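Bear in mind that the values here come from a model prediction, so they are computed numbers and not experimental data.
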Amino acid sequence: MHAITLSVVIPAHNEAANLSALLDEIEQALSHQTYEVIVVDDGSDDDTWPLLVARAHRQDTLRPLRHRFSAGQSTALWQAARHARGEWLATLDGDGQNDPADISGLLEVAIAEQADLVGGHRISRQDTPLKRLSSRVANTVRARLLGDGAPDSGCGLKVIRRQAFLSLPYFDHMHRFLPALVTAQGGRCLSHPVNHRPRGAGRSHYGLGNRLWVGIIDLVGVSWLQRRCRLPVDCRGVDDALDLPRVGTTLSCEGEVSAKDSTDSEAGRPQPAFGVTDGALPRAALNEASRGPSQ
């Protein structure tokens with residue numbers, strides 16, 4: 001079995017109408033790559049979870065995870081990164097606006113330039129005028145205050161070293177500031193042009209009201225982190241003589257349902273108030289899981 005190079009991580013909340021086509025595109029775009037796809041269903045109340053579990057029957061590269069209650073995009077990405085097995089993460093939105101065909105190009109740039117993160121730069125945005133304006137203002141203010149050099153930090157399509165991501169301080173909305181956070185830890189960040197498409201179905205979960213004020217508060221917090229929260233050395237320059245497992249690859253945490261527990265059906269075991277279900281269940285358990293959340 002070949003080692004997995006790339007983990008495509010996708011947070012999804014009520015994206016059942018978009019995921020099938022997106023997963024088909026990923027399979028086609030990465031047919032030459034050794035990869036896995038981790039989709040985190042962030043507390044959806046549509047058919048996102050049954051769709052993912054059913055698809056895992058026939059797509060061995062797919063590993064669905066689920067938050068029983070919505071925890072937000074940053075937490076979904078963080079959980080996916082912890083469970084990922086690839087050296088590199090490719091982050092992708094679940095609404096189909098990011099083009100999976102761009103993933104290989106970003107990864108090639110990252111490897112060739114020895115970068116820790118390569119972010120997509122949406123040259124031709126396919127959004128409403130208001131969303132484009134708010135994004136332009138946010139990118140200008142963020143670049144001026146944080147100096148991260150990222151022309152489009154809000155683009156959901158990025159390639160980042162898994163270890164670099166896991167070394168970052170976790171907080172809600174951290175996904176909007178990855179270039180600034182990686183740079184603050186001594187990492188190297190680049191941007192690369194990518195395609196952008198109209199949303200396939202459904203509606204955006206973000207608007208001016210839930211981005212502006214929270215974004216201003218986050219900017220202040222990230223500015224503080226840039227000055228105060230730095231690793232003492234480049235973590236890639238530390239050798240472990242005992243070769244201990246890295247954080248998140250074998251350890252489980254309280255409130256998490258791991259794959260080791262998944263031989264029991266969901267309906268037959270107590271569930272934590274908040275946790276993660278690993279949809280990469282043994283195939284015998286997939287039929288039970290595909291019925292959706294227990295009532």
Please test Thr75 against Tyr170 for side-chain hydrogen bond (donor to acceptor under 3.5 Å, both in side chains), starting from the C-alpha separation and ending with a verdict.
CA-CA 8 Å; Thr75 304; Tyr170 166 80; 2.4 Å; yes
Quick check: closest heavy atoms across Val194 and Cys155, and the distance to 0.1 Å?
CG2-SG, 4.2 Å
Please determine whether a side-chain nitrogen of the Lys or Arg among Asp24 and Arg55 lies less than 4.0 Å from a carboxylate oxygen of the Asp or Glu.
yes
Residue pair His121, Asp152: steps toward the side-chain hydrogen bond (donor to acceptor under 3.5 Å, both in side chains) verdict:
CA-CA 5 Å; His121 182 193; Asp152 190 7; 5.3 Å; no
Considering all heavy atoms of both residues, which atom of Gly94 and which atom of Leu22 are nearest to each other, and what is their separation?
CA-CD2, 4.0 Å
Does Phe171 reach the side chain of Leu181, with side-chain heavy atoms less than 4.5 Å apart?
yes
Arg85/Glu36 ion pair, N-O < 4.0 Å:
yes
Report yes if some heavy atom in the side chain of Val39 is under 4.5 Å from a heavy atom in the side chain of Leu65; otherwise report no.
no
Verify side-chain contact (heavy atoms from CB on, under 4.5 Å) between Ser153 and Leu178, making sure each step is shown before the conclusion.
CA-CA 7 Å; Ser153 183; Leu178 291 180; over 6 Å; no
Which atoms form the tightest heavy-atom contact between Thr183 and Cys189, and what is the distance?
OG1-SG, 3.6 Å
Distance col, row Ile123:CD1 vs His196:NE2, nearest 0.5 angstrom, shows 12.0 Å
Hey, are the side chains of Gln73 and Arg176 touching, using non-hydrogen atoms and a 4.5 Å cut-off?
no
Go through it in stages, so that I can follow the logic: the residues are Phe165 and Thr91, the test is side-chain contact (heavy atoms from CB on, under 4.5 Å), and I'd like the CA-CA distance, side-chain angles, deciding distance and then a yes or no.
CA-CA 11 Å; Phe165 183 95; Thr91 67; 5.6 Å; no
What closest approach, in Å, do Ala12 and Leu19 show between heavy atoms, and which atom pair accounts for it?
CB-CD1, 4.2 Å
Residue pair Arg122 / Gly154: nearest heavy atoms and the distance that separates them
NH2-C, 3.5 Å
Measure the CH2-CG distance between Trp49 and Asp41 for me, rounded to the nearest 0.5 Å.
7.0 Å
Quick one, Tyr35 and Thr61 - any side-chain contact, counting heavy atoms below 4.5 Å?
yes
Assess whether side-chain hydrogen bond (donor to acceptor under 3.5 Å, both in side chains) is satisfied between His175 and Ser74, documenting all intermediate values.
CA-CA 5 Å; His175 68 278; Ser74 288; 2.6 Å; yes
CG (Asn18) and CD1 (Ile10) are apart, to the nearest 0.5 Å, by 11.0 Å
Are the side chains of Asp99 and Arg197 in touch, meaning some heavy atoms are under 4.5 Å apart?
yes
If Ile, Leu, Val, Met, Phe, Trp and Tyr residues are connected whenever their side-chain heavy atoms lie under 4.5 Å apart, and connections chain through other members, are Leu30 and Ile111 in the same group?
yes
From Gln163 atom CD to Glu87 atom CD, the distance as rounded to the nearest 0.5 Å
10.0 Å
Atom CZ of Arg66 and atom OG1 of Thr48: how far apart are they, to the nearest 0.5 Å?
11.0 Å
Please determine whether side-chain contact (heavy atoms from CB on, under 4.5 Å) holds for the pair Leu92 and Val37, giving the CA-CA distance in whole Å, both sets of side-chain angles, and the decisive distance to 0.1 Å.
CA-CA 10 Å; Leu92 203 66; Val37 183; over 6 Å; no
Please evaluate residues Asp42 and Ser70 with respect to the criterion side-chain hydrogen bond (donor to acceptor under 3.5 Å, both in side chains), reporting the C-alpha separation (whole Å), side-chain torsions for both, the decisive distance (0.1 Å), and the verdict.
CA-CA 5 Å; Asp42 187 36; Ser70 180; 3.0 Å; yes
Side-chain contact test, heavy atoms from C-beta onward, threshold under 4.5 Å: evaluate it for Leu77 versus Val40 and give yes or no.
no
Is there a side-chain contact between Leu168 and Val182 in this structure, where contact means two heavy atoms from C-beta onward sitting under 4.5 Å apart?
yes
Could you tell me the separation between the CG atom of Leu52 and the CZ atom of Arg63, rounded to the nearest 0.5 Å?
13.5 Å
Can you check side-chain contact (heavy atoms from CB on, under 4.5 Å) on Leu157 and Asp93, steps first, answer last?
CA-CA 7 Å; Leu157 181 54; Asp93 290 339; over 6 Å; no
Option passing side chain to side chain contact (heavy atoms under 4.5 Å, CB included) with Val159 (candidates Asp116, Val109, Leu107):
Leu107
Minimum heavy-atom distance between Ser167 and Gln185, given as atom pair plus value
O-NE2, 3.7 Å
Backbone N/O of Arg82 and side chain of Arg162: donor-acceptor pair under 3.5 Å:
yes
